[in-house]
Q: 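I'd like to ask some things about the structure below.
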Amino acid sequence: MSKIGIKRSITVRWAVNTLGIVILILAAVSVLTLFMARNYYVNTAEQYLVSRLETVSGSLSRFTGESAYRAEVRNIVGQFSEKDRFELMAISDTGRVTLTSSGFQPSGWLDMTDYYSALESENGSASAELTLSSGEHVICYTLLLPGIAKEYSAMRIMTSLKNVDRQLGGIAVLLLCVSLVIVLLMLVSGFYFIKSIVIPLRQISETARGYADGDFSERIEKRSDDELGDLCDSINYMAGALENTEKVKNEFISSVSHELRTPLTAIKGWAETLCELGSDDKETFRKGMRVITGETERLSEMVEELLDFSRIEDGRLTLTKGTTDILAELGDAVLIYTERANQLGIDIEYFEPEMLPFVYGDASRLRQVFINIIDNAVKYSNPGGKVSIEAFSEKGEVIVLISDNGVGIKPEDLPKVKTKFYKADQTRRGSGIGLAVADEIIGMHGGNLMINSEPGKGTTVRISLPCMNGK
Ligand code: ADP
C-alpha cells in the first residue's frame with residue numbers, strides 16, 4: 001500500500017463514517033428544531049386568536065334583537081383595540097367581508113379557506129395558515145355566529161406570521177452557526193487524530209519494508225502509550241526476534257558446515273593415504289578404515305539429527321510406541337559410549353538398578369535421547385573427568401540421571417540450551433539441536449527433561465518418564 005493510499009483511505013473512512021454521520025445528525029436536529037419551533041409559535045398565535053374571538057362571541061351572545069346585534073357587531077369591529085396586530089372582520093352568509101377593524105375593504109380576491117372549513121366543521125370554527133396576494137404569511141381563525149343578521153353571520157380574526165418567520169430565521173442562523181462550529185471543531189480534532197495515526201503508520205510501514213529487505217537494525221520510535229504504541233512495541237520485539245533468528249541461523253549454518261567438514265577432511269585424508277599405501281602395511285590400512293568408518297558414522301548421525309529436527313519442525317516426527325525396557329536402551333547407550341569416553345580419558349560410571357518398571361514408548365527414540373545426553377556429557381567433560389549415570393523409579397516415574405563434572409553451563413545460558421540452534425559454547429563441535437530434539441521426544445512421551453548446571457562444576461540432566469500403568 002502506498003503512503004498516500006494509507007492516508008487517503010483513513011481520511012476518507014473518517015470523513016464518511018464520522019463526519020458524514022455527524023453532519024447528517026446536525027441537519028436532522030436543525031430541521032426538527034425549526035419544525036417544532038414553528039409549530040409552537042403558530043399554535044401560540046392560534047390559541048390567542050381563538051381566545052380573542054371567543055371573548056367577542058361571548059359579548060355578542062347577550063344580544064338577541066337584530067338591530068342591537070348589528071350595532072354591537074359594528075361597535076366591536078370598529079372599536080377593536082388591537083387593530084395594529086390583528087384584523088377583525090365580519091363576514092356575511094355569502095362569504096363576503098362586510099366589516100374590517102382597519103376600516104379598509106380587502107381589495108381583490110381574499111382566500112377564505114378558514115371560513116369554508118368553519119361552515120363544514122361541527123363546532124362552527126376553523127383556522128388556516130394562508131399566503132396573501134402580497135406574499136405575506138398570515139393565520140386566520142373564523143367563528144360562525146348565530147344567524148341573527150345575514151351580513152354578520154361569522155367573525156374572522158387574522159394576524160401576520162411575519163414575526164414568527166423572522167424569529168424562525170434567527171433560530172435557523174443560530175443552528176447553522178452552531179453546526180458549523182461543531183463541524184469545524186471536528187475537522188481540527190480529526191485532522192490531528194488522523195495525523196497521529198498516519199505518521200506512525202507510515203514509519204511502521206517503511207521500517208517493516210526494511211525488515212523485509214533483511215535490515216533489522218532500525219527500531220520504531222514509540223510516540224504514544226496506546227494501541228499504536230503497542231503495535232510499535234510488537235514490531236520492535238518481532239524485529240529483535242527476527243534479528244536473533246537470523247544470527248542463530250547463520251551460526252547454525254557455519255557450525256553445521258564446520259561439523260561436516262571435519263569428518264570429511266579426515267575421510268578424504270585417510271582415503272588418499274590408503275590409495276598410496278603398499279599392500280603389506282595392514283596395520284595402517286586397518287587404522288585408516290577404522291577412522292573412515294567412525295567418521296562416516298558421525299556424519300550419518302549428524303544427518304539423522306538434522307532430519308529429526310526438520311521432522312519436528314513440520315510435525316512429521318512420529319513415535320512407534322510399545323512396552324519399553326528403559327534398562328536395555330540405557331545399557332546400549334552406555335555401552336556405545338564407554339569405549340569412546342575411555343579413549344578421551346573420561347570415566348563412565350553406570351549404577352545399574354536390578355529392575356525398572358516398563359515405559360510405554362518408542363525404544364529407539366529413547367535410546368537416541370540417552371545417546372545424545374551421554375554424548376553431551378562426554379563432549380563437555382575434560383580429560384580425567386567422570387560421567388555418572390543412574391536410573392531408578394520414583395512416584396510412578398522412571399528417572400534417569402546423567403551427570404558430568406565438566407565445563408558446566410552459565411546460568412544465563414541454562415534456560416536457552418533446550419531451544420533450537422542454541423550453543424552456549426561455540427568452540428565445541430555440535431549443531432545446537434541435540435537437546436531440542438531430545439526435549440521434544442521426551443515431551444512426546446509425557447515426560448520431562450530438566451537440566452541443572454554450575455559452570456566449572458558440571459551438569460546433571462534429569463529425564464523423567466511415566467511408568468506403564470502408573471506403577
Ligand atoms: P550441541 O550439538 O551443540 O551439543 P545440544 O542441543 O546438545 O547441542 O546442546 C546445546 C548446548 O547446551 C551446547 O552447545 C552446550 O553449550 C550446552 N550443553 C549441553 N549439554 C551440556 C553438558 N553436559 N555440559 C555443558 N554444556 C552442555
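Atoms within a ligand are numbered from 1 in the order they appear, just like the ligands themselves.
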Q: Taking the basic N atoms (NZ, or NE/NH1/NH2) and the acidic carboxylate oxygens, is any pair closer than 4.0 Å for R311 and D308?
A: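 Yes.
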
Q: Specify side chain, backbone, both or neither for K379, according to which of its non-hydrogen atoms lie closer than 4.0 Å to ligand 1.
A: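 The part of K379 near ligand 1 is the side chain, not the backbone.
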
Q: Any side-chain donor-acceptor pair under 3.5 Å between R365 and Q368?
A: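 A pair is found: one side chain offers a donor N or O, the other an acceptor, under 3.5 Å apart.
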
Q: Give yes if a backbone or side-chain nitrogen or oxygen of I409 is under 3.5 Å from a nitrogen or oxygen of ligand 1, and no if not.
A: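 I409 vs ligand 1: no N/O contact under 3.5 Å.
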
Q: Looking only at distances, please establish whether an N/O atom of ligand 1 is found under 3.5 Å from an N/O atom of Y380.
A: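 Yes; at least one N/O pair falls below 3.5 Å.
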
Q: Any chance the side chains of D375 and Y337 put a donor and an acceptor closer than 3.5 Å?
A: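 Judged by distance alone, the side chains do pair up.
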
Q: Please state which protein non-hydrogen atom is closest to atom 23 (N) of ligand 1 and give its distance, to 0.1 Å?
A: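 Going by distance alone, atom 23 (N) of ligand 1 is nearest to D404 OD2, 3.0 Å.
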
Q: Looking just at side-chain N and O atoms, do N448 and E397 make a donor-acceptor pair shorter than 3.5 Å?
A: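 Not at all, the side chains of N448 and E397 share no donor-acceptor pair under 3.5 Å.
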
Q: For the pair E206 and R209, evaluate salt bridge (Lys or Arg N to Asp or Glu O under 4.0 Å) and give the outcome as yes or no after the intermediate values.
A: CA-CA 5 Å; E206 266 165 28; R209 224 170 286 141; 5.8 Å; no

Q: Among all protein non-hydrogen atoms, which one is nearest to atom 1 (P) of ligand 1, and what is the separation to 0.1 Å?
A: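 That would be G432 N, 3.5 Å.
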
Q: In terms of residue, atom name and distance, what is the protein heavy atom nearest to atom 12 (O) of ligand 1?
A: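 Nearest neighbour among protein heavy atoms for atom 12 (O) of ligand 1, to 0.1 Å: V417 CG1, 3.2 Å.
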
Q: Give the atoms of ligand 1, by number and element, whose distance to some non-hydrogen atom of I433 is under 4.0 Å.
A: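 Those qualifying, in numeric order: 6 (O), 8 (O).
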
Q: Which distance, rounded to the nearest 0.5 Å, do you find between the OG of S125 and the CD of E54?
A: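 Answer rounded to 0.5 Å: 7.5 Å.
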
Q: How long is the gap from CG on L366 to CG on D325, to the nearest 0.5 Å?
A: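 That separation rounds to 11.0 Å.
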
Q: Which residue owns the protein heavy atom closest to atom 11 (C) of ligand 1, what's the atom, and how far is it?
A: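 Nearest neighbour among protein heavy atoms for atom 11 (C) of ligand 1, to 0.1 Å: Y422 O, 3.6 Å.
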
Q: May I ask you to list the atoms of ligand 1 that are less than 4.0 angstrom from any heavy atom of G408?
A: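 That gives atoms 25 (C) of ligand 1.
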
Q: Using 4.0 Å as the upper bound for N to carboxylate O, is an ion pair formed by E272 and K268?
A: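 E272 and K268: salt-bridged.
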
Q: Look at ligand 1 and say whether G406 reaches it with a heavy atom at a distance under 4.0 Å.
A: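 Flag not set, G406 not near ligand 1.
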
Q: Before signing off on this row, confirm whether A436 and ligand 1 have an N or O atom pair separated by under 3.5 Å.
A: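 Checking ligand 1 against A436, no N or O pair falls under 3.5 Å apart.
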
Q: Which residue owns the protein heavy atom closest to atom 19 (C) of ligand 1, what's the atom, and how far is it?
A: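 Looking only at protein heavy atoms, the one closest to atom 19 (C) of ligand 1 is N376 ND2, 3.5 Å.
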
Q: Using 0.5 Å steps for rounding, measure from the CD1 atom of I23 to the OG1 atom of T18.
A: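 So the gap between those two atoms works out to 11.0 Å.
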
Q: Closest non-hydrogen protein atom to atom 5 (P) of ligand 1, residue and atom name please, with distance?
A: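 Ranked first by proximity to atom 5 (P) of ligand 1 is L435 N, 3.5 Å.
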
